[in-house]
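As structure tokens, the structure follows; a few thoughts come after it.
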Amino acid sequence: AVGLTELLSEAGVPKGSFYHYFKSKELFGEALLDSYFADYHARLHERLTQTGMSAAERLLSYWTIWLETQSGEGTEGKCLTVKLSAEVSDLSEAMRTALQNGTRLIIDCLAECIREGALDGSLPKDIDAQNTALTLYNLWLGATLLTKVRRDRSALDAAFKATLQLLSIHQTPAG
């Protein structure tokens with residue numbers, strides 16, 4: 001709902017400078033999402049490839065951080081996919097595609113870690129890594145949205161419990 005003039009005024013950027021780099025607000029949004037997902041993917045890859053931990057421990061570390069960051073007050077560190085998906089997917093094909101591509105990278109990264117868990121014995125040997133990663137990501141996005149609606153973390157706590165069950169891990173969340 002923010003107009004380009006308001007956005008540029010707040011940022012202190014002349015309109016001509018903006019249009020030198022972006023043909024439209026939509027293309028700016030697409031670039032913003034591409035940048036967000038590149039950064040997110042790099043941080044996720046770093047977390048999920050840490051040494052000295054099993055793949056299951058690395059995955060639980062990721063989900064624990066998600067639970068902590070998405071259940072708190074304020075907007076800092078909140079999931080941009082949750083914030084923008086419903087708003088822009090019907091209005092901008094370019095931004096919908098950027099969201100789709102970014103989330104696919106996340107799911108693929110999760111699936112790779114799940115495969116590693118099947119190999120290192122920390123997850124079931126016969127687990128369907130790609131489908132499990134997709135299911136878990138869908139679960140956590142939905143739980144994060146419900147957390148915003150309810151203003152409590154019950155949906156994220158349920159997502160954590162379901163994650164443990166899907167991954168056949170016997171542990172309880174901290175907190």
Side-chain angles (χ1 to χ4, degrees), residues 30-86 88-89 95-175:
E30 182 183 4
L32 175 93
L33 285 169
D34 289 344
S35 175
Y36 168 79
F37 281 115
D39 179 60
Y40 190 99
H41 184 261
R43 287 183 287 122
L44 176 62
H45 180 75
E46 183 179 323
R47 174 159 303 283
L48 295 183
T49 59
Q50 292 179 62
T51 57
M53 300 170 72
S54 71
E57 290 169 328
R58 296 189 309 261
L59 285 165
L60 287 182
S61 169
Y62 171 67
W63 298 121
T64 299
I65 288 172
W66 185 319
L67 190 147
E68 292 168 0
T69 59
Q70 302 309 303
S71 63
E73 294 294 319
T75 59
E76 185 72 27
K78 298 296 185 200
C79 180
L80 191 58
T81 304
V82 170
K83 288 180 184 179
L84 290 181
S85 292
V88 303
S89 290
M95 290 177 73
R96 185 199 66 76
T97 300
L99 283 160
Q100 182 179 21
N101 293 338
T103 57
R104 187 177 321 120
L105 284 174
I106 294 168
I107 292 163
D108 289 347
C109 197
L110 293 169
E112 180 57 31
C113 192
I114 291 169
R115 283 195 246 345
E116 290 174 18
L119 292 173
D120 74 16
S122 64
L123 297 175
K125 186 162 70 168
D126 61 347
I127 195 165
D128 179 343
Q130 197 67 38
N131 188 53
T132 302
L134 175 62
T135 300
L136 287 170
Y137 191 71
N138 292 344
L139 171 68
W140 282 85
L141 281 181
T144 303
L145 184 59
L146 288 172
T147 296
K148 291 171 71 65
V149 170
R150 295 176 184 165
R151 293 196 176 160
D152 72 36
R153 65 181 259 169
S154 61
L156 287 170
D157 288 334
F160 196 94
K161 184 177 178 182
T163 298
L164 295 174
Q165 291 172 338
L166 282 168
L167 297 175
S168 298
I169 298 171
H170 306 288
Q171 178 184 334
T172 57

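What you see is a predicted model, and the numbers here were worked out from it, not measured in a lab.
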Do [X] and [Y] make a side-chain contact, defined as non-hydrogen atoms from C-beta onward lying under 4.5 Å apart?
X      : Y      : value
Ser89  : Leu99  : yes
Arg96  : Val88  : no
Leu167 : Ile127 : yes
Leu164 : His170 : no
Thr147 : Asp152 : no
Ile169 : Leu59  : no
Phe37  : Thr81  : yes
Tyr62  : Ile106 : yes

Check for a donor-acceptor pair, side chain of [X] on one end and backbone N or O of [Y] on the other, with a separation under 3.5 Å.
X      : Y      : answer
Glu112 : Cys109 : no
Lys78  : Thr69  : yes
Gln70  : Cys79  : yes

Which residues share a side-chain hydrogen bond (donor to acceptor under 3.5 Å, both in side chains) with [X], sequence neighbours left out:
X      : value
Asp34  : none
Glu116 : Arg58
Asp39  : Arg43
Thr103 : none

Residues that [X] engages under side-chain contact (heavy atoms from CB on, under 4.5 Å), provided they are two or more places apart:
X      : answer
Thr49  : His45
Thr97  : Glu93, Asn101
Leu119 : none
Glu57  : Met53, Ser54

Specify the closest pair of heavy atoms between [X] and [Y], including all atoms of both residues, with the distance to one decimal.
X      : Y      : result
Asp120 : Ala55  : OD2-N, 2.9 Å
Leu48  : Cys113 : O-SG, 3.9 Å
Ala56  : Ser122 : N-OG, 3.1 Å
Ala111 : Ala129 : O-CB, 3.5 Å

Roughly how far, to the nearest 0.5 Å, is [atom2] of [Y] from [atom1] of [X]?
X      : Y      : atom1 : atom2 : result
Arg115 : Leu110 : CZ    : CG    : 10.5 Å
Leu33  : Glu30  : CG    : CD    : 8.0 Å
Thr64  : Leu156 : OG1   : CG    : 11.5 Å

**Message:** Listing request: all salt bridge (Lys or Arg N to Asp or Glu O under 4.0 Å) pairs with a residue in residues 123-132, at least two apart in sequence or in separate chains.
**Reply:**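 Not a single pair qualifies under salt bridge (Lys or Arg N to Asp or Glu O under 4.0 Å).
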**Prompt:** For Tyr40, which residues count as a ring pair (Phe, Tyr, Trp, His ring centres under 6.0 Å) partner, sequence neighbours excluded?
**Reply:**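 Tyr40: ring pair (Phe, Tyr, Trp, His ring centres under 6.0 Å) contacts with Tyr36.
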**Item:** Test log, rule side-chain hydrogen bond (donor to acceptor under 3.5 Å, both in side chains), inputs Trp66 and Ser71
**Value:** CA-CA 8 Å; Trp66 185 319; Ser71 63; over 6 Å; no
**Prompt:** Is the CD atom of Glu46 crowded by more than 12 outside heavy atoms at less than 6.0 Å?
**Reply:**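 Counting neighbours around CD of Glu46, 12 or fewer heavy atoms of other residues, nucleotides or ligands fall under 6.0 Å, so no.
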**Request:** Output every pair passing ring-ring contact (aromatic ring centres under 6.0 Å, His included) with a member in residues 99-132, not counting sequence neighbours, ordered by first then second residue.
**Result:**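 Passing the test, one end in residues 99-132: no pairs.
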Sequence neighbours excluded and cut-off under 3.5 Å, please list the side-chain donor-acceptor pairs for residues 134-143, or say none.
{"residue": "Thr135", "atom": "OG1", "partner": "Asn131", "partner atom": "O", "Å": "2.8"}
{"residue": "Asn138", "atom": "ND2", "partner": "Leu134", "partner atom": "O", "Å": "3.3"}
{"residue": "Trp140", "atom": "NE1", "partner": "Thr163", "partner atom": "OG1", "Å": "2.7"}

